[in-house]
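One structure is given here, and the rest of the page talks about it.
Please read all numbers here as calculations on a predicted model, not as lab measurements.
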Amino acid sequence: LRRLELLTPEEAAQVQAASPLPEQVRAVVDVLAGKGSQASQSLQSFIETCNSRLYLHTTVHEPMVQKHLESLQSCYGNGLEPGALQRLTNLLLVEGLTDLQQKEHDILQVETTKGLPNGSKSIPLQKLFLPLSKVSIPPRISVTVGVAGIGKSTLVKLFVCSWAKGDINRDITFVLPLTFRELNTYEKLSAERLLCLAFPHITEPGCISAGAARTLLILDGLDEFKTPLDFSNAVVCTDPKKEIQVDNLITNIIRGNLLQEASVWVTSRPAAARQIPGGLVDRMTEIRGFGAAEMKDFLDQMFLDNRELSSQVLKHIRANRSLHVLCIIPGFCWICGSSIAYFLKHCSDQSQEAAVVPRTLSEIYSYYFKMALSGDWLEKPREALRIEQAVNTSKKLVGSLGKLAFYGLLRKKHVFYEQDMKAYGIDLSLLHSSLSTRLLLKEDTPTSTAYYFPHLTIQEFLAALYYYTAAKRAVFDLFTESGMSWPKLGFLTHFRNAVQRALQAEDRQLDIFVRFLSGLLSPQVNKLLSGWLLVKDEHGGFRSQAIGVLQSCLNTEYAISSRSVNAMHCLQEMQHGDIAKAVEEAMRSESLAGMLTPINCSALAYLLQVSDVCLEETNLSNCLTYNVCKSLLSQLLFCHSLRLDNNQFKDDVMELLGSVLSVKDCQIQRLR
């Protein structure tokens with residue numbers, strides 16, 4: 001209707017004479033053709049009246065739509081807390097994915113950008129599917145991206161619930177939310193059968209596929225889809241009744257060959273979103289993470305009955321910059337907050353030597369798993385079941401879940417079904433115990449039951465636990481599930497293989513897995529999990545040689561990449577921080593000149609992300625050469641305030657810096 005506002009009276013008269021028009025469009029064209037210059041004002045009034053009448057008609061008098069609304073309210077109307085969702089009512093409007101988002105692991109994206117958003121423009125949720133101006137049209141394909149655990153599914157739930165109540169987007173007759181978890185259970189579908197299967201109360205799917213009512217199709221969680229979308233080779237289909245492969249169905253819907261009158265909203269992790277060609281995306285938005293006040297409110301909500309505990313947890317998070325940056329992700333903040341609270345509640349039970357606040361990722365997740373295995377959760381008292389019994393019951397389950405997690409990670413699979421559970425020997429009866437509710441969640445879909453880990457990092461930690469345990473006795477390459485490979489003997493051989501695989505992976509999806517694997521060789525983690533999931537002091541025989549494997553990854557004359565930075569993270573997880581500590585001390589005393597070897601450059605790149613020395617300003621005065629500057633370029637562009645004076649730079653360095661300032665990812669705001 002709003003597109004018709006642009007027609008002149010003469011053009012409107014031509015449209016009047018055209019083929020039969022829908023009743024509402026005919027009425028608008030008649031207004032335009034008959035009233036000339038007064039048409040715009042009349043049209044605006046007509047649209048508002050029409051929207052109101054249409055909304056009342058569909059919600060009150062249309063039984064099919066009424067059933068649809070009731071169904072959505074029952075499915076999506078529970079568990080939404082308005083205070084915690086304020087962050088989701090404004091999305092960041094972005095021009096596309098950055099190189100970092102397309103190539104790096106979610107956690108590395110947040111660490112590298114220090115949790116700062118990709119873009120400054122925002123758009124309210126209620127305007128997400130409206131034109132940005134009077135002369136533009138509503139977006140047909142909208143994509144919202146966000147890292148794992150940031151709240152994409154919660155955003156969808158919030159939107160659907162608000163729409164069903166009539167609070168937003170009254171011009172949309174149908175909102176049809178689907179998840180890729182559901183779509184995974186089908187091999188072939190037609191567009192109309194898809195609608196009938198997902199929404200059996202919709203008795204006239206033809207009205208949607210023909211565009212008789214404005215429809216929004218929501219496809220939530222592209223990163224969980226079992227088949228990559230191939231837009232280059234997808235078979236074209238324009239028949240809404242024809243059954244085709246589900247991945248082809250999705251590509252044809254996005255291309256506009258099917259349900260062409262429907263708006264489509266896809267949510268995804270950034271790396272998976274790149275499957276959709278940029279030319280097909282009309283609007284891209286991004287979910288921002290917690291601000292400082294929102295993080296505090298979130299923790300207060302977690303510990304409603306104990307505000308003192310909440311403030312202590314927040315104090316510990318703020319004291320550790322690397323954890324603080326990651327806690328902008330609600331899913332990670334919940335895991336981190338739970339683990340630190342568990343530590344604080346039980347630190348009096350430990351010896352003074354063991355009572356060390358968890359600082360690394362591996363330590364955070366060790367406390368989380370220890371808490372899960374003991375059945376000791378914040379919202380309920382310790383169960384009567386003795387811890388020893390809980391450990392014995394859970395060890396086998398954790399081992400089976402670890403194998404599922406590891407091979408799922410290799411296949412980029414994050415959602416599992418009953419056949420997967422049986423294939424990996426997982427006892428489904430144990431999945432209903434309190435033990436597993438924090439390790440593996442369950443969701444019933446119309447045709448089956450889906451299982452998934454609460455957060456990507458939990459899958460990665462379980463995968464590392466499995467690999468660590470299996471590597472001690474495996475004789476073949478664990479990355480080959482069939483077991484057919486050249487013999488590989490000894491833990492260190494398998495450790496080296498895992499590091500090499502992570503370095504060679506183009507999508508960087510093994511980086512955090514290797515970080516956890518390294519962390520399991522840490523004395524502190526061994527102390528925490530010995531008798532639970534690890535054997536006491538067994539790490540000692542492997543640790544020094546594993547450190548050598550990681551340090552060999554730093555000996556390079558080439559550009560310092562995120563791979564080198566991740567190797568430094570691995571050393572920190574292993575509690576080997578000597579290199580980083582020496583470079584940090586030199587930064588504090590401004591004595592870096594002459595000591596920036598390739599290994600120390602990797603440590604410097606790591607410190608640019610995590611050190612408090614670089615919090616306000618990164619001071620690299622009087623210490624850089626052309627080669628060092630060139631090797632650090634990819635890391636320097638994420639420094640907000642950068643001092644490079646007194647380095648005797650010549651034109652070649654100035655050209656390098658100029659190229660950095662023009663990069664899309666560049667976050668430098670002040671350069672000296």
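One finds a salt bridge joining R288 and E294 here, because a Lys/Arg side-chain nitrogen approaches an Asp/Glu carboxylate oxygen to under 4.0 Å. The pair E538-K472 counts as a salt bridge, with a side-chain nitrogen and a carboxylate oxygen less than 4.0 angstrom apart. Salt-bridge formation is detected for the pair R588/E584: a Lys NZ or Arg NE/NH1/NH2 atom is positioned less than 4.0 Å from an Asp or Glu carboxylate oxygen. Using a 4.0 Å cut-off between a side-chain N of Lys or Arg and a carboxylate O of Asp or Glu, R501 and D477 qualify as a salt bridge. For R181 and E224, the salt-bridge test passes: some basic side-chain N is under 4.0 Å from an acidic carboxylate O.
Listed for the H455 side chain is a donor-acceptor partner under 3.5 Å among the backbone atoms of A148. At distances below 3.5 Å, at least one donor-acceptor pair connects side-chain atoms of S602 with backbone N or O atoms of P598. The backbone N or O of A272 lies less than 3.5 Å from a partner atom in the side chain of Q275, making a donor-acceptor pair. D282 contributes a side-chain N or O that, together with a main-chain N or O of I141, makes up a donor-acceptor pair within less than 3.5 Å. Judged purely by atom type and a 3.5 angstrom limit, K152 uses its side chain to pair as donor or acceptor with the backbone of G146. Panel note: side chain S641, backbone Q669; no donor-acceptor pair is recorded below 3.5 Å. Side chain of N647 to main chain of L644: a donor-acceptor pair is present (N/O by atom type, distance under 3.5 Å, no hydrogens or angles). Checked by atom type and distance alone, the side chain of Q575 pairs as donor or acceptor with a backbone atom of Q524 at under 3.5 Å. In this structure, T112 contributes its side chain and Q109 its backbone to no donor-acceptor pair below 3.5 Å. In this structure a side-chain-to-backbone donor-acceptor pair under 3.5 Å is missing from D223 to S268.
From T285, atom OG1 reaches atom CG of L155 across 7.5 Å, with rounding to the nearest 0.5 Å. Here L661 contributes atom CG and L636 contributes atom CG; the two are 10.5 Å apart, rounded to the nearest 0.5 Å. Summarising the geometry, atom CG belonging to D665 is positioned 5.5 Å from atom CG belonging to D99; distances are rounded to the nearest 0.5 Å. The CD atom of Q635 lies 9.5 Å from the CG atom of L604; values are rounded to the nearest 0.5 Å. Note: D578 CG to Q551 CD = 8.5 Å, rounded to the nearest 0.5 Å. Atoms CG and NZ, from L529 and K370 in turn, are 7.5 Å apart once rounded to the nearest 0.5 Å.
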Which is it for F453 and L439 under the side-chain contact (heavy atoms from CB on, under 4.5 Å) test, yes or no, and what are the steps along the way?
-> CA-CA 6 Å; F453 297 99; L439 302 185; 5.6 Å; no
Evaluate side chain to side chain donor-acceptor pair (under 3.5 Å) for D645 paired with S621, printing each intermediate quantity in order.
-> CA-CA 5 Å; D645 45 324; S621 302; 2.7 Å; yes
Check the pair L534 / Y468 against side-chain contact (heavy atoms from CB on, under 4.5 Å), numbers first and verdict last.
-> CA-CA 9 Å; L534 302 180; Y468 178 90; 3.5 Å; yes
L361 and T457: side-chain contact (heavy atoms from CB on, under 4.5 Å), yes or no, with the steps?
-> CA-CA 9 Å; L361 281 182; T457 48; over 6 Å; no
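Using bins of under 30°, 30° to 60° and over 60° for the plane-to-plane angle, the ring pair F479/F513 lands in the perpendicular bin. Between Y365 and Y368, the angle of the ring planes lies from 30° to 60°, which puts this pair in the tilted group. Between F406 and Y467, the ring planes lie tilted relative to each other; the angle falls in the 30° to 60° range.
Taking the side chain as every heavy atom from C-beta outward, R269 and H414 approach each other to under 4.5 Å. Counting heavy atoms from C-beta on, the side chains of I150 and P330 come closer than 4.5 Å. With a 4.5 Å cut-off on side-chain heavy atoms, F180 and D220 do not count as touching. Here the side chains of R515 and L108 are in contact, with some heavy-atom distance below 4.5 Å. Here the side chains of L409 and Q509 are not in contact, with every heavy-atom distance at 4.5 Å or above. Between C333 and L299 there is a side-chain heavy-atom pair separated by less than 4.5 Å. The closest side-chain heavy-atom distance from D420 to Y451 is not below 4.5 Å. Side chains of T251 and D230 form no contact here, defined as non-hydrogen atoms less than 4.5 Å apart.
Residue K413 qualifies as enclosed at atom NZ: its count of foreign heavy atoms under 6.0 Å is above 12. Within a 6.0 Å radius of CD in E617, more than 12 heavy atoms belonging to other residues, nucleotides or ligands are found. Enclosure of atom NZ in K226 by more than 12 non-hydrogen atoms of other residues, nucleotides or ligands within 6.0 angstrom is indicated. Other residues, nucleotides and ligands place more than 12 heavy atoms under 6.0 Å from the CZ atom of R411.
Of the candidates K412, R274, K103, D507 forms a salt bridge (Lys or Arg N to Asp or Glu O under 4.0 Å) with just one, namely K412. With S518 as reference, V514 is the one residue of L520, L521, V514 to meet the side-chain contact (heavy atoms from CB on, under 4.5 Å) rule. With E286 as reference, V94 is the one residue of V94, L97, V143, V147 to meet the side-chain contact (heavy atoms from CB on, under 4.5 Å) rule.
A donor-acceptor contact under 3.5 angstrom links the side chains of S362 and E573, judged on distance only. There is no side-chain donor-acceptor pair under 3.5 Å between N627 and T625. Between the side chains of T267 and T144, no donor-acceptor pair of N or O atoms lies under 3.5 Å. Between the side chains of S562 and E104, at least one donor N or O lies within less than 3.5 Å of an accepting N or O.
Residues R321 and L608 come closest through the heavy atom pair NH1-O, 4.4 Å. Nearest heavy-atom pair, P523 versus M574, reported as atom, atom and distance to 0.1 Å: CD-O, 4.0 Å. Here the closest heavy-atom approach between residue F231 and residue I276 is recorded as CE1-CA, 3.9 Å. The minimum heavy-atom distance between L222 and A273, with the atom names listed, is CD2-CA, 4.3 Å. Pairing each heavy atom of L550 with each of A567, the nearest pair is O-CB, 4.2 Å. Residues A580 and Q572 approach most closely at CB-OE1, 3.7 Å, considering heavy atoms.
Annotation: F461 is in aromatic contact with F516 [ring centroid separation under 6.0 Å]. Aromatic rings from Y626 and F649 are positioned such that their centres are separated by 6.0 Å or more.
Counting only residues at least two apart or on different chains, the ring pair (Phe, Tyr, Trp, His ring centres under 6.0 Å) pairs with a member in residues 587-617 are H569-Y606.
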